[in-house]
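Protein chains get the first letters and strands the later ones, always in sequence-line order, with residue 1 at the start of each. A quick note: this is a predicted structure, and the numbers were derived from the prediction, not measured.
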2 protein chains.
Amino acid sequence: MGETGTRTRDAVDDFLDQWAALRSDLDLEAMGAVGRLLRLTRLVEKEVGRYFAEHGMERWEFDVLATLRRSDRPLTPKELAGSVMVSSAALTNRIDRLAARNLVARETVPGDRRSLHITLTDAGRALVDDTVEGHVRNERRMLARLDEKDCDELNRLLRMLLTTMEGDA
Amino acid sequence: MGETGTRTRDAVDDFLDQWAALRSDLDLEAMGAVGRLLRLTRLVEKEVGRYFAEHGMERWEFDVLATLRRSDRPLTPKELAGSVMVSSAALTNRIDRLAARNLVARETVPGDRRSLHITLTDAGRALVDDTVEGHVRNERRMLARLDEKDCDELNRLLRMLLTTMEGDA
DNA sequence: ACGTAATCATTCGACGTCGAACTATCTCTC
DNA sequence: GAGAGATAGTTCGACGTCGAATGATTACGT
């Protein structure tokens with residue numbers, strides 16, 4: 001009975017035990033949560049990268065293409081950079097390479113000659129649509145240990161943290 | 001009454017709505033959880049980096065020094081690289097710079113001349129002890145929106161995910 | 001209107017990381 | 001005990017990102 005998996009220790013538990021032995025004044029709950037967040041994300045990113053590599057593309061390509069795909073209007077480089085959370089310099093580089101492969105196109109925007117509209121080509125849209133399904137399946141697989149209730153709960157907690165940190169940015 | 005903050009939307013909610021309108025077949029729970037994880041981590045990393053920059057050091061320095069600090073025995077570069085999750089090449093570079101600032105030292109290990117023991121100098125240990133407390137306070141501040149029960153719950157959920165992904169690595 | 005400040009994309013130099021190749025050392029087998 | 005293979009740390013070249021500086025265009029104040 002009781003094989004809930006709750007008793008299983010992770011690497012961060014060891015990490016916290018070591019700190020507790022040295023500095024009993026530290027806030028272990030906070031260290032644990034942040035430590036797990038950073039560590040888990042690294043592993044998730046590695047796995048996501050593995051999936052895309054297996055399908056002949058890189059994650060940053062999907063990030064940009066998918067952002068354009070799900071938007072109902074053309075986006076500017078600045079908007080794209082904000083969405084994928086990289087610098088404008090990095091985004092110029094990404095657009096260069098996507099455009100070279102004919103996955104996106106740069107178009108002038110009527111009212112403002114400083115700015116651009118980045119649009120998805122047919123090839124770009126097809127590439128997103130072909131890969132997004134498997135990508136999401138892979139994400140679900142990584143969360144397989146969580147039942148529906150736990151998954152809801154995780155989303156609720158992360159949303160709370162995200163709104164605060166997005167707010168005072 | 002009822003000011004729970006649960007009704008607040010984050011950027012990922014918009015993200016999900018856009019996908020739902022286009023592809024009703026996708027697993028929004030999974031996309032949301034992973035999306036929030038990656039996005040939140042980026043913000044947390046930025047804030048952590050800001051704290052350390054404010055105290056005249058960089059996060060990678062603290063990562064290495066703190067790993068040495070909480071270990072009761074000397075660690076090899078390989079062990080350190082595993083702990084902080086970077087390549088051995090990156091770790092050589094980090095040790096070089098930490099050693100140049102007299103925060104760590106390379107010592108030969110008796111039984112094996114291939115390997116090394118990286119040890120903390122007095123200055124290194126002092127630097128960790130001086131900064132760890134504020135760092136943890138900053139972590140707690142980022143989690144301020146979560147009460148104790150929610151924080152426990154978050155740790156439980158992240159631990160479950162972490163153990164699975166650490167396991168089949 | 002005119003000039004100043006703000007905004008947008010791009011370029012530039014510096015930096016840190018990675019994977020692969022390399023050297024040195026150890027282990028295991030016969 | 002000698003040679004093949006594994007293991008540890010370092011070096012090397014390539015790559016992507018960032019902050020700052022640049023050039024072009026637009027918005028604002030008087």
Measure the distance from CG on A:D112 to C1' on C:dA6 and round it to the nearest whole Å. 12 Å

Could you tell me how far apart A:L75 (CG) and C:dA9 (P) are, to the nearest whole angstrom? 11 Å

Categorize A:L116 for me: base, sugar-phosphate, or nothing, with a 4.0 angstrom heavy-atom threshold over every strand shown. sugar-phosphate

Euclidean distance, atom CG of residue B:L91 to atom P of D:dA8 [Å, nearest integer]: 14 Å

Within the structure shown, what part of the strands sits under 4.0 Å from B:R59 by heavy-atom distance: base, sugar-phosphate, or nothing? nothing

Value in whole Å for how far the P atom of D:dG9 lies from CG of B:L80: 9 Å

Nearest-Å distance for atom pair CD1/C1', residues A:I95 and C:dT10: 12 Å

For A:W60 and for B:N93, find the nucleotide of DNA chain D with the closest heavy atom, then tell me which residue's nucleotide is more 5'. B:N93

Is the closest side-chain heavy-atom distance between A:M31 and A:L16 below 4.5 Å? yes

Please determine whether a side-chain nitrogen of the Lys or Arg among B:D96 and B:R106 lies less than 4.0 Å from a carboxylate oxygen of the Asp or Glu. yes

Pair B:E45 + B:R42, salt bridge at N-O below 4.0 Å: no

So what does A:T92 touch, heavy atoms closer than 4.0 Å: a base, only the sugar-phosphate, or nothing? base

Donor-acceptor pair present, A:R113 side chain and D:dT25 base, under 3.5 Å: no

Heavy-atom pair of closest approach, residues B:L143 and B:C151: CD1-SG, 4.4 Å

Assign each of A:R114 and A:K46 the nucleotide of DNA chain C bearing its closest heavy atom; nearer the 5' end lies the nucleotide of A:R114

Are any of the side-chain heavy atoms of A:R159 and A:T163 separated by less than 4.5 Å? yes

Start at the 5' end of DNA chain C and walk down; is the nucleotide closest to A:P77 or to B:R97 reached first? A:P77

Using a heavy-atom cut-off of under 4.0 Å over every strand shown, decide if A:S115 touches base, sugar-phosphate, or nothing. sugar-phosphate

If you compare every side-chain N and O of B:R106 against the phosphate oxygens of D:dG9 (OP1, OP2), does one of them come in below 4.0 Å? no

To the nearest angstrom, the CD-P distance between B:E79 and D:dT7 comes to 15 Å

B:H117 has an atom NE2; how far is it from atom C1' of D:dG9, in whole Å? 14 Å

Residue B:T76, side-chain heavy atoms: nucleotide from D:dG9, D:dT10, D:dT17 that is nearest: D:dG9

For atom CZ of B:R50 and atom P of D:dG19, their distance in whole Å: 15 Å

Quick one: label B:A89 by what it contacts on the DNA or RNA (base, sugar-phosphate, nothing), any heavy atom closer than 4.0 Å. base

